[in-house]
Amino acid sequence: MSLQLTPVEAVACCSPLSREPLSESEAEGIVPLLKALADPVRLRLMSLVASHEGGEACVCDLNDAFELSQPTISHHLKVLHEAGLLEREKRGVWVYYRARTDALSGLAALIGGQSQ
């Protein structure tokens with residue numbers, strides 16, 4: 001049985017793009033992170049959560065930034081969470097999201113050419 005890395009683990013294992021070419025399996029492992037961020041709403045949500053006071057935000061904090069329904073915002077947050085870009089914690093009726101700085105640092109190092 002082969003060990004399957006999460007997208008966050010896959011990006012952490014890779015050398016910067018400018019150092020050496022990605023293998024096919026490395027590229028396939030990283031794609032879920034990039035796909036999750038490739039949507040303008042999700043990219044904005046990621047930015048809003050990461051830059052929110054205290055480094056976390058509730059769906060209730062994010063709804064006003066978009067002309068979208070709360071279920072649509074929640075769907076986009078779920079995609080970011082499942083890709084490994086956000087952590088979430090339920091508190092009462094609300095879910096709070098926090099950016100996974102290790103995932104963002106890994107992507108920055110991969111694209112920016114800096115070693116971690």
Side-chain angles (χ1 to χ4, degrees):
M1 180 168 92
S2 65
L3 178 63
Q4 182 72 18
L5 296 177
T6 68
V8 174
E9 292 167 338
V11 78
C13 292
C14 293
S15 296
L17 294 177
S18 60
R19 187 177 306 153
E20 62 185 66
L22 292 174
S23 70
E24 185 176 344
S25 64
E26 288 171 332
E28 287 174 1
I30 295 165
V31 162
L33 291 178
L34 298 175
K35 280 186 177 180
L37 289 174
D39 181 279
V41 171
R42 290 193 290 267
L43 185 58
R44 284 190 60 215
L45 280 168
M46 194 71 210
S47 175
L48 286 166
V49 170
S51 64
H52 200 268
E53 185 179 333
E56 69 177 14
C58 174
V59 174
C60 59
D61 298 324
L62 304 169
N63 283 335
D64 292 342
F66 300 91
E67 292 184 16
L68 298 169
S69 68
Q70 186 273 324
T72 300
I73 299 295
S74 291
H75 165 74
H76 286 295
L77 289 165
K78 179 182 176 186
V79 170
L80 291 167
H81 170 73
E82 288 177 347
L85 292 163
L86 292 176
E87 295 175 338
R88 68 180 176 194
E89 178 184 346
K90 187 166 174 70
R91 297 183 202 152
V93 297
W94 296 109
V95 177
Y96 287 79
Y97 292 88
R98 177 177 296 280
R100 290 203 44 203
T101 55
D102 58 331
L104 296 176
S105 295
L107 280 172
L110 176 74
I111 295 167
Q114 302 165 13
S115 56
Q116 300 185 67

Quick one: [atom1] on [X] to [atom2] on [Y], what's the gap to the nearest 0.5 Å?
| X | Y | atom1 | atom2 | value |
| --- | --- | --- | --- | --- |
| L107 | L33 | CG | CG | 5.0 Å |
| Y97 | L48 | OH | CG | 14.0 Å |
| I73 | R42 | CD1 | CZ | 11.5 Å |
| L43 | L85 | CG | CG | 10.5 Å |
| R100 | M46 | CZ | CE | 9.5 Å |
| L68 | L62 | CG | CG | 11.5 Å |

Minimum heavy-atom distance [X]-[Y], with the two atoms named:
| X | Y | answer |
| --- | --- | --- |
| L86 | A99 | CD2-CA, 3.7 Å |
| A36 | A83 | CB-CB, 3.7 Å |
| S51 | S47 | OG-O, 2.7 Å |

| said: Has D61 got a side-chain atom pairing as donor or acceptor with C58's backbone, closer than 3.5 angstrom? | reply: yes
| message | Quick one: does any side-chain atom of R98 pair with a main-chain N or O of G54 as donor and acceptor, under 3.5 Å? | response |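 Judged by distance alone, yes, a pair lies under 3.5 Å.
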Please check if [X] and [Y] belong to a single hydrophobic cluster, counting links between Ile, Leu, Val, Met, Phe, Trp and Tyr side chain heavy atoms closer than 4.5 Å.
| X | Y | answer |
| --- | --- | --- |
| V59 | V93 | no |
| Y96 | V79 | no |
| L77 | L37 | yes |

| task | May I ask you to test the E56-H52 pair for a side-chain heavy-atom distance under 4.5 Å? | result | no
| Side-chain heavy atoms of F66 within contact of R44, under 4.5 Å |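 Yes, close enough: below the 4.5 Å cut-off.
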